[in-house]
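I'd like to ask you about the structure that follows.
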Amino acid sequence: MEALFSPFTIPIAAIVGVFACGIVSLIAKNARHVAVRKAEEESRREIAAYIAEGSMSVDEGERLLDAGRSPVPKDD
């Protein structure tokens, strides 16, 4: 009785599985990056609209926009 699978079936399946996981990971990472950037841009537009209608000052808007960023070191 012949073997159901060749001796290379398991290693080939493992290699294909690793590549498939890597590709899925890259796609998910890219989709997350796009979603985060879209949300950031949406927030920027909303803040700009509040400033334009006068319900928020420019200083308040600037503070909100800078809230999530890391501070920039000052050169001495």
Quick one: side chains of residues 43-50, donor-acceptor pairs under 3.5 Å with protein atoms, not counting sequence neighbours, listed by atom name and distance.
from	atom 1	to	atom 2	distance (Å)
Ser43	OG	Ala39	O	3.1
Arg45	NE	Glu41	OE2	3.3

**Study point:** Partner residues of Phe8 under the side-chain contact (heavy atoms from CB on, under 4.5 Å) criterion, sequence neighbours left out
**Key:** Ser6, Ile12
**Study point:** Members sharing Ile15's hydrophobic cluster (side chains within less than 4.5 Å)
**Key:** Phe19
All N/O donor-acceptor pairs, side-chain side in residues 57-64, below 3.5 Å, sequence neighbours left out:
from	atom 1	to	atom 2	distance (Å)
Ser57	OG	Glu60	N	3.2
Glu60	OE1	Ser57	N	3.0

Donor-acceptor pairs under 3.5 angstrom involving side-chain atoms of residues 24-38: please list them, not counting sequence neighbours.
from	atom 1	to	atom 2	distance (Å)
Arg37	NH1	Glu40	OE1	3.1

Point to revise | ILVMFWY clustering at 4.5 Å (side-chain atoms), partners of Ile10 | key: none
